[in-house]
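Reading through the structure tokens given below for one structure.
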Number of protein chains: 2
Amino acid sequence: MASVFEVLAEPRRREILDLLRDGERPVGDLVRRLHMTQPAVSKHLRVLRAAGLVEVRQDAQRRWYRLRPEPLTEIDTWLEPYRRMWSASLDALERHLDAMEER
Amino acid sequence: MASVFEVLAEPRRREILDLLRDGERPVGDLVRRLHMTQPAVSKHLRVLRAAGLVEVRQDAQRRWYRLRPEPLTEIDTWLEPYRRMWSASLDALERHLDAMEER
DNA sequence: GCAGTACATGCCTCGTCGGTTATATTCCCT
DNA sequence: AGGGAATATAACCGACGAGGCATGTACTGC
């Protein structure tokens, strides 16, 4: 398991990241919200940590996980040339609609 | 195999899409450029087609594959809230550097 | 020190995915 | 019609990943 793309392929891991957008959370909180077993969540967190997408802060027995969005830039930059392509076609659609409007 | 995320998890499939950005290509062309066997390429193309990321045009024995970037918007929209987060931190860095500059 | 809480880790199983080889299909050309 | 080119598909295999259960570990409060 290496690339950010593979890490995000798992829907559960995307859910975890989505939850962490609201701020740090302990593992048990994620377990409850995702309706999955604690070991499963811990495993996903391990993968996310290895990818640099989350970091941990320990507080007694609790481990608070926090989001680190930086590695997602890799996806964003890969997407960049494609984004130009579809925005071009959307622009074309828009011009077309505008032209329809004018008549 | 369903989501665009899973489809993009495969590095070879991303390579195929990258090649198709330059325009449509027949399968044999992809085989040569990717240094992989023809059945392997055909399988990836099948997955990409199922995801709506490519479409085919037949011309005699040749099948020309063409890129369809639209499904990638799903990733782009998922990324959107995160993009705001990291651009915020990048802005902070920039302000910091500007402040350094001024002294 | 002990019981309990919060989490990580190890081991096993099962499904799925990617690759390979062999074969089928379709079309062209002579 | 027959041979060859271009591609798809089938059958098989090996690897890997995700989940489940059991257990280990670390910390707390009494």
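Each chain gets a letter, A, B and so on, in the order the sequences are listed, and its residues count up from 1. Since the structure is predicted, the reported quantities are computational estimates derived from the model, not experimental observations.
The distance from atom CG of Leu45(B) to atom C1' of dT9(D) is 14 Å, rounded to the nearest whole Å. Protein atom CZ of Arg63(B) is 18 Å distant from nucleotide atom P of dA5(D), rounded to whole Å. Asp59(A) has its CG atom 12 Å from the P atom of dA6(C), to the nearest Å. A straight line from CZ of Arg14(B) to C1' of dG18(C) spans 15 Å, rounded to a whole angstrom. For the pair Asp29(A) CG and dA6(C) P, the interatomic distance rounds to 12 Å; values are reported in whole Å. Regarding Ile16(B), its CD1 atom lies at a distance of 13 Å from the P atom of dT7(D), rounded to whole Å. Across the protein-nucleic acid pair, Arg46(A) atom CZ and dC7(C) atom P stand 17 Å apart, rounded to whole Å. We find that CG of Leu48(A) is positioned 12 Å from P of dA8(C), with the value rounded to whole Å.
Judged by the 6.0 Å and 45° rule, Arg25(A) forms no cation-pi pair with Tyr65(A). A cation-pi arrangement is present between Arg14(B) and Phe5(A), with the terminal nitrogen or guanidinium carbon under 6.0 Å from the aromatic centre and inside a 45° cone about the axis.
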With side-chain contact (heavy atoms from CB on, under 4.5 Å) as the test, would you mind laying out the steps for Arg63(B) and Arg57(B) before giving the verdict? CA-CA 6 Å; Arg63(B) 315 259 176 128; Arg57(B) 175 175 68 86; over 6 Å; no
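Within a 6.0 Å radius of CZ in Arg66(A), other residues, nucleotides and ligands contribute 12 heavy atoms or fewer.
A side-chain contact (heavy atoms from CB on, under 4.5 Å) with Leu53(A) holds for exactly one of Leu45(A), Val47(A), Leu72(A); it is Leu72(A).
Closest approach to the Gln61(A) side chain among dT28(D), dC11(C), dT7(D) is made by dT28(D) (side chain taken as heavy atoms from C-beta onward). In this structure, of dT7(D), dG19(C), dA8(C), it is dT7(D) that holds the atom nearest to the side chain of Arg62(B). Nearest nucleotide to the side chain of Ala40(B), out of dG4(D), dC7(C), dT20(C): dT20(C). Picking from dC27(D), dG19(D), dT7(D) the nucleotide with the shortest atom distance to the side chain of Arg12(A) gives dG19(D). Of the candidates dT26(C), dA8(C), dA26(D), the closest approach to any side-chain atom of Gln38(A) belongs to dA8(C). Nearest nucleotide to the side chain of Glu10(A), out of dC27(D), dA18(D), dG18(C): dA18(D).
Contact check, Ser42(A) against dC7(C): no side-chain N or O comes under 4.0 Å of OP1 or OP2. Contact annotation: Tyr65(A) reaches the phosphate of dA8(C) (side-chain N/O to OP1 or OP2, under 4.0 Å). Put simply, His44(B) has a side-chain N or O that comes within less than 4.0 Å of OP1 or OP2 on dG19(C). For dG19(D), the OP1/OP2 oxygens have no side-chain nitrogen or oxygen of Thr37(A) closer than 4.0 Å.
At a cut-off of 3.5 angstrom, the base of dG20(D) holds at least one donor-acceptor pair with the side chain of Lys43(A).
Checking side-chain atoms of Ser3(A) against main-chain N and O of Glu6(A) turns up a donor-acceptor pair under 3.5 Å.
Contact annotation for Pro39(A): base contact, defined as any heavy-atom pair under 4.0 Å involving a base atom. Within the 4.0 angstrom heavy-atom criterion, no nucleotide atom of any strand lies near Arg49(A).
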